Amino acid sequence: MVQDVTRQPLPASAWGSGENALRNISRHRSLSAASATASCSQTYDTTSARVRVWGRTSFGRSWLRSLVAASPGFLAPLASISIFITLAHYDGSFTMFAKAVCRQGFWAVCIRHGPQLTWKGIAAVVSWVGLQALLFRYLPGETHVGQYTPAGHLLSYRINGLSAWIITHVLYVMMSFAGVLDPAFIPRNWSSLIGAMNLAGFIISTFAYIKAFTMPTHPNDRKFSGSAFYDFYMGIELNPRLGDKFDLKLFSNGRPGIVAWTLIDYSNMAYQYQTQGHVELSLVLVSILQTIYVIDFFINESWYLRTIDIAHDHFGFYLAWGCFCFLPTTYTIQGQYLGLYPGSASTTYLISWFLVGLVGYAIFRSANNQKDVVRRSGGRCEIWGKPARCVDASYRTLDGKVHKSLLLCSGWWGWSRHANYTGDLLLSYSTCALVGSSKTVVWIYAIWMTMLLIHRCMRDEKRCSDKYGEEWEEYCKRVPWRFVRGIW
Ligand code: NDP
């Protein structure tokens, strides 16, 4: 039954998060049978509810289709190597890189200029991942719960990312002042670091693949496509863990790569300072926007448990190599480029793009907050000064239980179905524009985010449609636009 539901807001103190939310929701459950959220669901056995398959299976995927879909598994590392060579040896010009490849052949160029695998690089990456693993495992933090998995598991996570980020950056500053660490260590050793990060991505992906067969954490939450390549690429286990506490996916997604993101920017600032005596305004503004984005991620780490990466994507090469290698090498191209080729456009141009970035961030944060608040309050909250309007939805997990959920259709989620992506894209384009160059390499982050978010939108909508059926269709009827109202 599809219903448009508005509820009386609960006092903000009743929302809480994670386990607190679970308690608060059950305290207020008598107000409405439909109050439970996806992460704090009301469940009941039913045999009459229709069965929808969502999450685990990928029926109908041919072997060839799977292989093609898995091709980024070898194309992405080649792309990352090509970007490195273009930046470091061809003035950031793909045209010059392409000419060299035509003259000498791709492998010859790679052997001559490609990232080096050195013991120094390996030691740095092992120390880095080891430090992040220790902080992840032992720093105190609140416990929060994620969402029901297709098999009906509700996992808890310790949230301590913000303290890990702060400790890491304080250590970086202290070691730099003490003369133990060159603050420009990263750009000075970038070639060896890229080599070692690639290796780390492959090792973790292989480990995840073998673990899925030999010691799966939740065997009934695994996903097999029928193609070994595709399974390696997209992952088999949903939430692989080492023991009870060490969640490999949250660690990979939320630590080595994303904490390194801001360090790479700051290290490039230090490099610019060492090489030209001052830091360009362009690099300062890029670093500020990216710092806001990264800190936001850690402040809202518990919200991240309800995003696609943690709630739905399985853990394979896509996430493991992506977070260990692609993120730190590609999301930081703006800083890398400015470190190597310093320069700033006019102050008016820079300030304008900086403001566009802030607007993008505000949309991104506000849309993500609205969804989070609605889910945590069971819909009893105000969105843009009015009671939230939602479609009541339900879904079934493998254990046969039916859970209630809410699809918000007011505020940003009534403006378009993915306004959070629109805000993210504005921010991405502004950080690239701040570099002040028309070279393609500088725009790779924005181009990548456009492809990633369009593809993500498509596959998420397919998954939501499988999960919620007619209730999702009802939501799409009410909110027909995907990214920008009136355009798409
Ligand atoms: P969302 O946060 O939009 O999560 C999508 C999920 O939200 C859906 O699967 C569904 O999950 C639920 N949902 C969908 N519509 C509604 C609705 N109307 N009301 C309530 N819940 C709804 O997407 P992502 O997880 O992809 O992204 C989270 C943020 O992270 C975004 O802002 C994105 O821009 C950013 N991001 C950044 C990346 C980067 O590399 N920089 C990469 C990926 C994302 P359910 O099953 O719970 O119903």
Side-chain angles (χ1 to χ4, degrees), residues 5 37-41 52 54-55 146-150 253-254 257-258 261 289-290 293-294 296-297 300-301 303-313 318-319 322-323 326-328 330-332 360-379 381 383 388-395 397 403-428 431 445-446 448-469 471-472 474-476 478-479 481-483:
V5 188
T37 68
S39 53
C40 319
S41 294
R52 296 183 201 118
W54 64 282
Q147 298 209 151
Y148 276 104
T149 68
N253 284 30
I258 203 156
W261 189 349
L289 285 181
Q290 296 191 330
Y293 192 71
V294 169
D296 172 278
F297 172 88
N300 296 289
E301 200 180 0
W303 148 82
Y304 188 60
L305 302 178
R306 286 174 284 284
T307 63
I308 296 172
D309 287 347
I310 296 297
H312 307 302
D313 279 346
Y318 171 76
L319 285 181
C323 296
F326 191 77
L327 191 158
T330 310
Y331 286 28
T332 58
Y361 168 73
I363 297 173
F364 159 88
R365 176 48 32 224
S366 149
N368 284 324
N369 265 359
Q370 287 180 354
K371 184 182 96 170
D372 204 38
V373 163
V374 157
R375 286 279 174 98
R376 287 204 269 131
S377 67
C381 59
I383 300 289
R389 296 178 64 237
C390 300
V391 171
D392 264 346
S394 61
Y395 62 97
T397 45
H403 306 257
K404 298 275 186 190
S405 187
L406 293 173
L407 296 171
L408 173 62
C409 48
S410 59
W412 286 115
W413 299 82
W415 185 77
S416 81
R417 300 203 289 271
H418 302 276
N420 52 347
Y421 291 176
T422 313
D424 207 342
L425 284 178
L426 270 183
L427 180 56
S428 311
T431 56
Y445 175 60
W448 159 255
M449 286 297 284
T450 309
M451 293 186 326
L452 174 90
L453 294 178
I454 289 176
H455 177 248
R456 191 172 264 249
C457 158
M458 297 304 189
R459 73 189 169 94
D460 184 52
E461 296 209 340
K462 158 87 177 66
R463 196 191 56 77
C464 285
S465 169
D466 290 343
K467 183 173 176 180
Y468 297 121
E471 292 130 358
W472 179 257
E474 172 65 17
Y475 172 57
C476 293
R478 288 180 193 204
V479 187
W481 307 107
R482 286 195 169 99
F483 277 34

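Remember, it's a predicted structure, so these values are computed and weren't measured experimentally. Whatever order the structure lists ligands and atoms in, that order sets their numbers, starting from 1.
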Report task. Find all atoms of ligand 1 within a distance of less than 4.0 Å from any non-hydrogen atom belonging to Tyr475, and give their numbers and elements. Result ->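 Ligand 1 atoms under the 4.0 Å threshold to Tyr475: 18 (N).
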
Query raised in the report: Does any non-hydrogen side-chain atom of Leu327 lie less than 4.5 Å from one of Trp261?
Result: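 Counting from C-beta outward, Trp261 and Leu327 do come under 4.5 Å.
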
Query raised in the report: Less than 4.5 Å apart, any side-chain heavy atom of Val374 and any of Lys371?
Result: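 No - every pair of side-chain heavy atoms lies 4.5 Å or more apart.
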
Query raised in the report: Does ligand 1 have any atom that is closer than 4.0 Å to a heavy atom of Leu406?
Result: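 In this structure, Leu406 qualifies as a contact of ligand 1 - some heavy atom is under 4.0 Å.
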
Requested in this report: Determine the interplanar angle of the Phe364 and Tyr293 rings, folded into 0 to 90°, and report it as parallel if under 30°, tilted if 30 to 60°, perpendicular if over 60°.
Outcome: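 Aromatic pair Phe364/Tyr293 classed tilted.
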
**Report entry** Tyr395 touching ligand 1 at heavy-atom level, < 4.0 angstrom
**Finding:**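 It does not; every heavy atom stays at 4.0 Å or beyond.
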
Query raised in the report: Polar-atom distance check: Leu452 versus ligand 1, any N or O pair below 3.5 Å?
Result: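 Checking ligand 1 against Leu452, no N or O pair falls under 3.5 Å apart.
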
Query raised in the report: Taking side chain as C-beta onward, heavy atoms only, is Glu474 less than 4.5 Å from Asp392?
Result: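 They are not in contact (no side-chain heavy atoms under 4.5 Å apart), so the answer is no.
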
Query - Sub-3.5 Å N/O-N/O distance, Asn420 and ligand 1 - result: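 There is such a contact, yes.
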
**Report entry** Numbered atoms of ligand 1 (with element) below 4.0 Å of Tyr468, judged on heavy atoms
**Finding:**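 Under 4.0 Å from Tyr468, ligand 1 has these atoms: 45 (P), 46 (O), 48 (O).
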
Query - Element-labelled atoms of ligand 1 that are located less than 4.0 Å from some non-hydrogen atom of Asp424 - result: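 Heavy-atom distances to Asp424 below 4.0 Å select 33 (C), 34 (O), 35 (C), 36 (N), 37 (C).
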
Query raised in the report: At the 4.0 Å heavy-atom cut-off, does Trp303 count as touching ligand 1?
Result: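 Yes, that is the case, since the closest heavy atom of the residue is under 4.0 Å from the ligand.
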
Query - Nearest option to atom 44 (C) of ligand 1, as decided by whichever heavy atom of Arg463, Glu461, Arg456, Arg417 sits closest - result: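 Residue with the shortest heavy-atom distance to the ligand atom: Arg456.
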
Report task. Report the relative orientation of the aromatic rings in Phe483 and His418; use parallel for angles under 30°, tilted for 30 to 60°, perpendicular for over 60°. Result ->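 Rings of Phe483 and His418: tilted, 30 to 60°.
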
Report task. For ring pair (Phe, Tyr, Trp, His ring centres under 6.0 Å), just list the numbers for Tyr475 and Trp472, CA-CA rounded to whole Å, side-chain angles, deciding distance to a tenth of an Å, and then say yes or no. Result -> CA-CA 5 Å; Tyr475 172 57; Trp472 179 257; 5.2 Å; yes

Query raised in the report: Closer than 4.0 angstrom: is that true for some heavy atom of Ala311 and an atom of ligand 1?
Result: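 No.
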
**Report entry** Asn420/Gln370 under side-chain contact (heavy atoms from CB on, under 4.5 Å): CA gap, chis, key distance, verdict
**Finding:** CA-CA 10 Å; Asn420 52 347; Gln370 287 180 354; over 6 Å; no

Query raised in the report: Taking N or O atoms only and a 3.5 Å limit, does Leu408 qualify as a polar contact for ligand 1?
Result: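 The answer is yes, given that Leu408 and ligand 1 share an N or O pair closer than 3.5 Å.
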
Query raised in the report: Would you say Ile258 and Cys323 make side-chain contact, with heavy atoms under 4.5 Å?
Result: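 Contact flag for Ile258/Cys323 side chains = no.
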
Requested in this report: Give the ring-plane orientation class for Phe297 versus Tyr304, where under 30° counts as parallel, over 60° as perpendicular and anything between as tilted.
Outcome: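 It falls in the perpendicular class, over 60°.
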
Query raised in the report: So is there a nitrogen or oxygen of Ser405 less than 3.5 Å from a nitrogen or oxygen in ligand 1?
Result: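 No, no N or O pair falls under 3.5 Å.
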
Query raised in the report: With a cut-off of 4.0 Å, which atoms of ligand 1 are near a heavy atom of Gln147?
Result: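 Contacts of ligand 1 toward Gln147, numbered from 1: 47 (O).
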
Query - Close side-chain approach of Trp412 to Ile383, heavy-atom, < 4.5 Å - result: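 No. Closest side-chain heavy atoms not under 4.5 Å.
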
**Report entry** N-O pairing of Arg459 and Asp313 below 4.0 Å
**Finding:**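 Yes, Arg459 and Asp313 are salt-bridged.
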
Query raised in the report: Is Asp460 salt-bridged to Lys467, cutoff N-O under 4.0 Å?
Result: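 Looking at Lys467 together with Asp460, the answer is no, because their closest N to O distance does not fall below 4.0 Å.
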
Requested in this report: Could you list the atoms of ligand 1 found under 4.0 angstrom from a heavy atom of Cys464?
Outcome: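 Under 4.0 Å from Cys464, ligand 1 has these atoms: 8 (C), 9 (O), 10 (C).
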
Query raised in the report: Can you tell me if Met449 has a non-hydrogen atom under 4.0 Å from ligand 1?
Result: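 The answer is yes, since Met449 has a heavy atom less than 4.0 Å from ligand 1.
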
Query raised in the report: With a 4.0 Å cut-off on heavy atoms, is Tyr331 touching ligand 1?
Result: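 Yes, Tyr331 has heavy atoms under 4.0 Å from ligand 1.
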
Query raised in the report: Under 3.5 Å between some N or O of ligand 1 and some N or O of Lys467?
Result: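 Yes, Lys467 has an N/O under 3.5 Å of an N/O on ligand 1.
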
Query raised in the report: Quick one: does ligand 1 sit under 4.0 Å from the side chain of His418, the backbone, both or neither, non-hydrogen atoms only?
Result: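 Answer for His418: neither.
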
**Report entry** Close N or O approach (Tyr421, ligand 1; < 3.5 Å)
**Finding:**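 Yes - when backbone and side-chain N and O of Tyr421 are compared with those of ligand 1, one distance drops under 3.5 Å.
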
Query raised in the report: How does Ile308 reach ligand 1, by side chain, by backbone, by both or by neither, if only non-hydrogen atoms under 4.0 Å count?
Result: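 Answer for Ile308: both.
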
